Amino acid sequence: MLLLPTLITFALGISPLKTSTASPSQSVQKWDPNVCAVVVCGPAQNGLPGRDGRDGKEGPKGEKGSQGLQGLKGSQGPPGKMGPGGLVGGKGSPGEKGTKGDIGDRGLQGVPGLKGNPGNAGLSGPKGDKGSPGEKGVKGERGLPGTTGSQGQPGIAGSPGPKGDKGSVGEKGAKGDKGDRGLQGSSGLQGLKGQIGSLGLKGDKGSVGEKGTKGDSGLSEINLLKRQVSTLEGQLRALQSSFSKYKQVIMFPNGRIVGEKIFMTSGYDGNFDSLKQRCSQAGGQLASPRNAAENAAIQQIIVLYNKSVFLGINDIQTEGHFKYLNGENIGYSNWHTGEPNNQSDAEDCVEVHSSGKWNDRSCGEKRLIVCEF
Ligand SMILES: *[C@@H]1O[C@H](CO)[C@@H](O)[C@H](O)[C@H]1NC(C)=O
Ligand SMILES: *[C@@H]1O[C@H](CO)[C@@H](O)[C@H](O)[C@H]1NC(C)=O
């Protein structure tokens, strides 16, 4: 707002006027900050020119003016946007039925249908012939060379060369003075490596190691063993009883047990050699009683079959000296009275009758087999 030209009010606190802008001769009232003053300025009449209003302060706001005249009517605006579509109208009433039309022309052929699913797989065909063998592969690359071997042993010294011709004896010269000592020769080539020395003496005994940690108490293991032994004892008893039963079954009716020995017949009849061979093939030998009990067991089998047997005893080697099959002289016999009698010079084998008595008999006769195991 412009300063009113007629009145300028200075108030306290306004920045002081600068007197440097006017000359000292001009009668301008000096502004004293401690005095409130009113200056009335009239029209400039040959007076001193007034100061410009640069330092004026904005005046108070004026009163609101009266309402202006109504403006002119504006020009017509552009057309508005298209409104939303109206609601669908109700269905009209059906028209009357028309007359039937003429038959139309044949329609165009339809498009072919979609391809059907594939059929089930057929049976597998016969196995094809074996193909011809493939071509032989190319030869592999040569392997890496091996490591260098250890140095070989030095060769044997060569034979001495031929002796040179003897030179002609020169004339004996006068003995010369003793020469100075010669220079030391260069050192010789290093000799061959020596053989490995003999084994050194046994070292001293090492110090005793640290004491080990305490072991578990053996008690639990002993108890475990006791249980296992008692289990084994039970199983052994069961096995023994079962074994004794099977033994009885096997001995019925063709076998007899005497101590550790078992006598058994298969019912076969044959001459001495064939009986001897059969028992041997079975892992035993022809029955050779060593005492009365064993002879009695053989007798029981004879009675059972009502057939005499041949024993594994004969005097084929020396007449009158009956021996077992192992060549040992017999230690027990049960000859019938008057036997052996070497009748008709051909009785080297021994048969036993149902009485248990022995008789010498020709080895070619056929008797019942009884083997001992
Ligand atoms: C067979 O039985 C008969 C009649 O008991 C008897 O006479 C004969 O000695 C018996 N033979 C043998 C080898 O045991
Ligand atoms: C018995 O047979 C042998 C041959 O085996 C013969 O040397 C002997 O003379 C026969 N007679 C008697 C009685 O030993």
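All values reported here derive from a predicted model rather than from experimental measurement. In listed order, ligands and their atoms are each counted from 1.
- Under the ring pair (Phe, Tyr, Trp, His ring centres under 6.0 Å) criterion, no residue pair touches residues 242-285, with sequence neighbours excluded.
- Under the side-chain contact (heavy atoms from CB on, under 4.5 Å) rule, Tyr324 has a single partner from Leu286, Ile330, Leu311, which is Ile330.
- For ligand 1, the 4.0 Å heavy-atom shell contains residues Asn306, Lys307, Ser308, Ser354.
- A salt bridge links Arg290 with Glu328: at least one charged nitrogen is closer than 4.0 Å to a carboxylate oxygen.
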Show me, pair by pair, the donor-acceptor contacts under 3.5 angstrom made by side chains of residues 350-366, not counting sequence neighbours?
unit_1, atom_1, unit_2, atom_2, d
Glu351, OE1, Arg367, NE, 2.7
Glu351, OE1, Arg367, NH2, 2.8
Glu351, OE2, His353, NE2, 2.8
Glu351, OE2, Asn359, ND2, 3.1
Glu351, OE2, Arg361, NE, 3.4
Ser355, OG, Lys357, N, 3.2
Lys357, NZ, Asn334, OD1, 3.2
Trp358, NE1, Asn295, OD1, 2.9
Asp360, OD1, Asn341, N, 3.3
Asp360, OD2, Asn341, N, 3.0
Asp360, OD2, Asn342, N, 2.7
Ser362, OG, Gly364, N, 3.3

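- When the side chain to side chain contact (heavy atoms under 4.5 Å, CB included) test is applied to Asn329, the partners found at least two apart in sequence or on another chain are Lys323.
- In this structure, the side chains of Leu368 and Thr265 come closer than 4.5 Å at one or more pairs of heavy atoms.
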